[in-house]
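Each remark here refers to the structure printed beneath this line.
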Amino acid sequence: MKKLINDPADVVDDALRGMASAHPELRIDPENRVVFRGDAPVSGKVGLVSGGGSGHEPLHGGFVGLGMLDAACAGEVFTSPVPDQMVAATKGVDAGAGVLHIVKNYTGDVMNFEMAAELVAAESGTEVVAVVTDDDVAVQDSLYTAGRRGVGVTVLVEKLAGAAAEEGRPLAEVAEVARRVNGQGRSMGMALTSCTVPAAGKPTFDLPAGEMELGVGIHGEPGRRRVPLAPAREVAEMLLEPVLADLDFTGGDGVLAFVNGMGGTPLLELYVVYAEVQAVLAKAGVTVARSLVGSYMTSLEMAGCSVTLLKVDDELIRLWDAPVRTPALRWGV
Amino acid sequence: MKKLINDPADVVDDALRGMASAHPELRIDPENRVVFRGDAPVSGKVGLVSGGGSGHEPLHGGFVGLGMLDAACAGEVFTSPVPDQMVAATKGVDAGAGVLHIVKNYTGDVMNFEMAAELVAAESGTEVVAVVTDDDVAVQDSLYTAGRRGVGVTVLVEKLAGAAAEEGRPLAEVAEVARRVNGQGRSMGMALTSCTVPAAGKPTFDLPAGEMELGVGIHGEPGRRRVPLAPAREVAEMLLEPVLADLDFTGGDGVLAFVNGMGGTPLLELYVVYAEVQAVLAKAGVTVARSLVGSYMTSLEMAGCSVTLLKVDDELIRLWDAPVRTPALRWGV
Amino acid sequence: MADLDTDTLGAWVREYARAVTEHRDELTELDSAIGDADHGTNMHRGMTAAVAALDASPPADAAALLKTVAMTMISKVGGTSGPLYGTFFLRMSGALDDGSPAAFAAAFRAGVDGVVARGKAELRDKTMVDALLPASDALSEAVGAGQDLDAALRAAADAAAKGRDSVTPLVARKGRASYLGERSADHVDPGAESSVLLVEAAAATLGRS
Amino acid sequence: MADLDTDTLGAWVREYARAVTEHRDELTELDSAIGDADHGTNMHRGMTAAVAALDASPPADAAALLKTVAMTMISKVGGTSGPLYGTFFLRMSGALDDGSPAAFAAAFRAGVDGVVARGKAELRDKTMVDALLPASDALSEAVGAGQDLDAALRAAADAAAKGRDSVTPLVARKGRASYLGERSADHVDPGAESSVLLVEAAAATLGRS
Ligand SMILES: Nc1ncnc2c1ncn2[C@@H]1O[C@H](COP(=O)(O)OP(=O)(O)O)[C@@H](O)[C@H]1O
Ligand SMILES: Nc1ncnc2c1ncn2[C@@H]1O[C@H](COP(=O)(O)OP(=O)(O)O)[C@@H](O)[C@H]1O
Ligand SMILES: [Mg+2]
Ligand SMILES: [Mg+2]
Ligand SMILES: [Mg+2]
Ligand SMILES: [Mg+2]
């Protein structure tokens, strides 16, 4: 295992220490491993809390700030944070207008956030609403699975619901934006290599030269099937085909197209993929209204990418363009 | 070789195509492989042109926009662009106030920019000044080398000289800022893995498990020496020791500390490194005034990092904080 | 054989902590194949912390002991196993009546019911439930039939192992492994394996006490 | 033996293009060891484009031919080798007088002087100059001594190869390889190798014409 870390057991604490130094505009609670907006709780504003296992940086801590999250809980690598962290985050951002939990659909994340909400309900009058993201079309959303995973759309939910909250809208409306974004977004990912969980010390799976995994998630879990390595052009088709089959993205005000790097894939390649995604969408009659290209929701050093499409309308475009000031997404301010 | 590309020969053109789609605010000349600010030439403003081999993204194309570069020339992977590109870029950004060429100190880059400047001088009255960056302390700056390489400080020169140009300052002053930044900045890099040049098809060098290269550049070139893998704490010391030995960074208004990822290293690890860099600096009595952590000047999918320190003063801090709107660095606007 | 008390239950917890540490890499390896390569790390972190918590402030009684283990799992593990094993010990703690084998069997059943309520897994979904439920059934049945705790826990451990093995060929329908579809078949479920270790630890300590 | 003309010089350029294509991977391999793994790709891209440019609009005379090669190298290669080989052909083009061996030798020297002027490398810096300069000296000397072009170019090719080999044990002092310090010793310089191919291509074509 070749990593720039100290003891694998300390990697999350060490990284939070680095984040705290590098981002004095954030407030980091090292005990609870919560990254707060420096000015949280923001009076009158609905608080947005998310969190999940570490190893997906900049998600979620890198999305804390004006116009996005109020707090993010960092779990161990690829392990959901614990309820105590979520309770601390929820209390820390509660300004009386209620708190939205943005939860990626993984059994552990859902259960821990549920327990946190139960604890908050028992302890205080804070109103908490949870929205679960589940946009990964690689997984069948059926009784025979844990449901679709929450992947790329989570970043978009955090931005768009964050903008809605920043406008001073009430909890129900902010939650509604989050739910709508999740409902209108779909993703599909692939990997060229596995990643290595620091504490495990070796790659989670073997991926021989000449092969790639289709339908991977963001935890180094193997995908749905293994296929021969293909040019970016075909990869774009393989990723978009199930996405476009799952939801009609044509017409309307177009889509937000998001090509996400898994961590080990250079930006040069992500732009190559984006060019091919554009081409596939143009052929399918899908108009791109906004785009995002970069490594925003990663799986440690895994090489690969995912594509997320979100149907947008005037309101979502306005919320997307609204000011945001976080370590990883910043504009308009 | 596992890459998200089509034909290795097309990788630069394909990526520029993707950039053009993803960033409608830029104007990309695909023939000349030049990324322009959408509003170039900006009336009354000194034009800033840089460029270099591809494979270092977001450098340089990702730094084109308000407050930074006016144009960037993309060469083949790890190969300096050709004079024709630089001539096209220079003409395209010339608004009468002259043009600054920001050139990383590599023999090829320097010669091609020199030839371009000769061509521009022969063809037009455009005043061109070149500033060469050479901040890499891994290389001895002596008669027996090609001089120190231009690495991390180049990003800072582009930001700070770009802000000076945006203020409407004359070419001589903008060039002076660029030279001052280069003179006050030092860097040192390391690699955990090699990268693979697409056209070469295999890793440039072998780096066995348990070993790392110290003093690497950003072209997958082997470093100065190979040492056993060490914890982030020691890596930070090994990188900073020669940097701090080369220039006195104590006192004054402190430094801008820049931890740069080489492409294949996840942000989680960069923050771990940043935490250790902070600790070393604190012990050495160096105050951090500003910081930057991320993969801004990469070497394809190489795993590793570099550390750059820049001595700053009030003026440089003001220029750093000035608005910038580019794909990869954006704030204040 | 003495009734179960704080010491004997403490021995169970310590033995389980030892076992998950011994099998840490194996559990993580199982989780690499059909999950995210953290189950051994998770269980090790949680049980080590549980033992440390017991050492730091020795619990007043058996219920307090189980509650300490529960709260430590819930606040130190995260992921799927943290809430589930946490709920298991929490419900056991609440249900434990006296130190009799019957009380233990009833508390164990309450714990397993808690896991099912929290995780909503059914038998043959290929989760820890496939080891825990048969174990609980075997334990209750043996105790009900008047067997001593030693024999009853041995039967429970056998049933847990049989349950784990019976779902190995199946396709997972809950948790991360379900994302793999057909590819999850013919792999041992890591949570079922850690549950087998839990019951074996009980047999190795409580049964002999 | 006929004097050098557009056709024979064209044959040289085409043979060189063929040779760098044949040795592309080898040149890149040499550049991997002490550089950035692109020299073969660079030379292949440039010379293939040069041949295509000659095919697209056949040059009027020998000077025009060399100028087309020069401008193509300068505008298609980049890196270090683009400006240097471009300058070589550009200076040759400007210096070529008539089709005599003496004129060729003088033009070749002008080309090499151009490389030295542009790159400022000295002998034993371990660059292409260590192949080109001895080749130029040998060529001038042989032609001056009245040898025919065939023999003169063979002597030049031998001198280029000897020059390349003589610097292999040395530490590079120019270009990317100089960054490696001591680690650059005992590696063949890729540019010296591509220069040997250039002179060998001349011997294989011009010498026999
Ligand atoms: N819904 C569920 N109910 C009961 N057990 C479950 C459920 N989902 C998953 N599990 C168990 O959890 C185990 C995985 O635990 P762990 O790896 O620690 O958590 P995570 O999957 O969050 O990484 C699985 O092997 C399975 O036995
Ligand atoms: N200053 C110089 N003068 C002459 N030749 C040089 C000089 N610097 C480097 N070279 C030659 O250039 C070769 C490398 O060319 P190439 O790999 O195409 O360019 P780059 O080094 O820019 O990647 C070296 O092997 C060396 O022979
Ligand atoms: Mg996990
Ligand atoms: Mg090069
Ligand atoms: Mg797991
Ligand atoms: Mg090279």
Side-chain angles (χ1 to χ4, degrees), chain A residues 1-7 11-12 14-23 54-55 57-58 62 77 192-193 207 209-210 212 229 231-233 235 259 263-278 288 291-293 295 298 300-301 303-305 325 327 330-333, chain B residues 1-7 11-12 14-23 54-55 57-58 62 77 192-193 207 209-210 212 229 231-233 235 259 263-278 288 291-293 295 298 300-301 303-305 325 327 330-333:
Chain A
M1 177 177 59
K2 299 185 103 172
K3 288 184 186 284
L4 286 168
I5 59 171
N6 297 306
D7 188 326
V11 63
V12 175
D14 285 351
L16 285 176
R17 211 158 35 89
M19 256 203 112
S21 302
H23 299 288
S54 294
E57 292 65 28
V77 172
L192 292 171
T193 61
L207 197 39
M212 60 184 191
L229 201 60
R233 193 170 295 123
V235 170
V259 167
T265 283
L267 191 52
L268 181 76
E269 295 177 30
L270 296 180
Y271 278 124
V272 170
V273 171
Y274 187 74
E276 304 304 338
V277 164
Q278 254 295 7
V288 176
S291 67
L292 184 66
V293 180
S295 295
T298 60
L300 294 171
E301 74 284 6
C305 71
R325 186 177 57 218
R330 183 162 173 180
W331 55 72
V333 62
Chain B
M1 177 177 60
K2 299 186 103 173
K3 288 182 186 285
L4 287 168
I5 59 172
N6 298 305
D7 188 325
V11 64
V12 175
D14 286 351
L16 285 176
R17 211 159 34 91
M19 255 204 111
S21 303
H23 299 289
S54 294
E57 291 66 26
V77 172
L192 292 171
T193 63
L207 197 40
M212 61 185 190
L229 201 61
R233 194 169 295 124
V235 170
V259 168
T265 284
L267 191 52
L268 181 76
E269 296 177 30
L270 296 181
Y271 278 123
V272 171
V273 172
Y274 187 74
E276 302 305 338
V277 164
Q278 258 290 12
V288 176
S291 67
L292 184 67
V293 180
S295 295
T298 60
L300 294 169
E301 74 283 8
C305 71
R325 185 177 57 217
R330 185 164 173 179
W331 55 73
V333 62

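Because the structure is predicted, anything quoted here is derived from the model rather than measured.
In terms of modelled atom types and a separation under 3.5 Å, the side chain of B:Asn6 and the main chain of A:Ala232 share a donor-acceptor contact.
Of the listed residues B:Arg17, B:Glu301, B:Arg330, the one with more heavy-atom pairs under 4.5 angstrom with chain A than any other is B:Arg330. Of the listed residues (B:Thr265, B:Leu292, B:Leu267), the one with the most heavy-atom contacts under 4.5 Å to chain A is B:Leu267. Of the listed residues (B:Gly62, B:Gly210, B:Ala303, B:Pro231), the greatest number of heavy-atom pairs within a distance under 4.5 Å of chain A belongs to B:Pro231. For chain A, the option among B:Met212, B:Arg325, B:Met1, B:Met19 with the highest count of heavy-atom pairs below 4.5 Å is B:Met19. Of the listed residues (B:Leu270, B:Val11, B:Val235, B:Leu192), the greatest number of heavy-atom pairs within a distance under 4.5 Å of chain A belongs to B:Leu192. With respect to chain B, the highest number of heavy-atom pairs below 4.5 Å among A:Ala22, A:Gly264, A:Gly263 belongs to A:Ala22.
Taking each heavy atom of B:Lys2 and A:Leu229 in turn, the nearest pair found is CA-CD2, 4.2 Å. Residues A:Val272 and B:Ile5 come closest through the heavy atom pair CG1-CA, 4.0 Å.
Within the 4.5 angstrom heavy-atom criterion, atoms from both the backbone and the side chain of A:Leu207 approach chain B.
For the atom pair CG (A:Leu268) and NZ (B:Lys3), the distance works out to 8.0 Å, reported to the nearest 0.5 Å.
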For B:Val288 and A:Ser21, run side chain to side chain contact (heavy atoms under 4.5 Å, CB included): C-alpha distance rounded to whole Å, both residues' side-chain angles, the deciding distance at 0.1 Å, then the answer. CA-CA 9 Å; B:Val288 176; A:Ser21 302; over 6 Å; no

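Note: A:His23 and B:Tyr271 meet the aromatic proximity criterion, with ring centroids under 6.0 Å apart.
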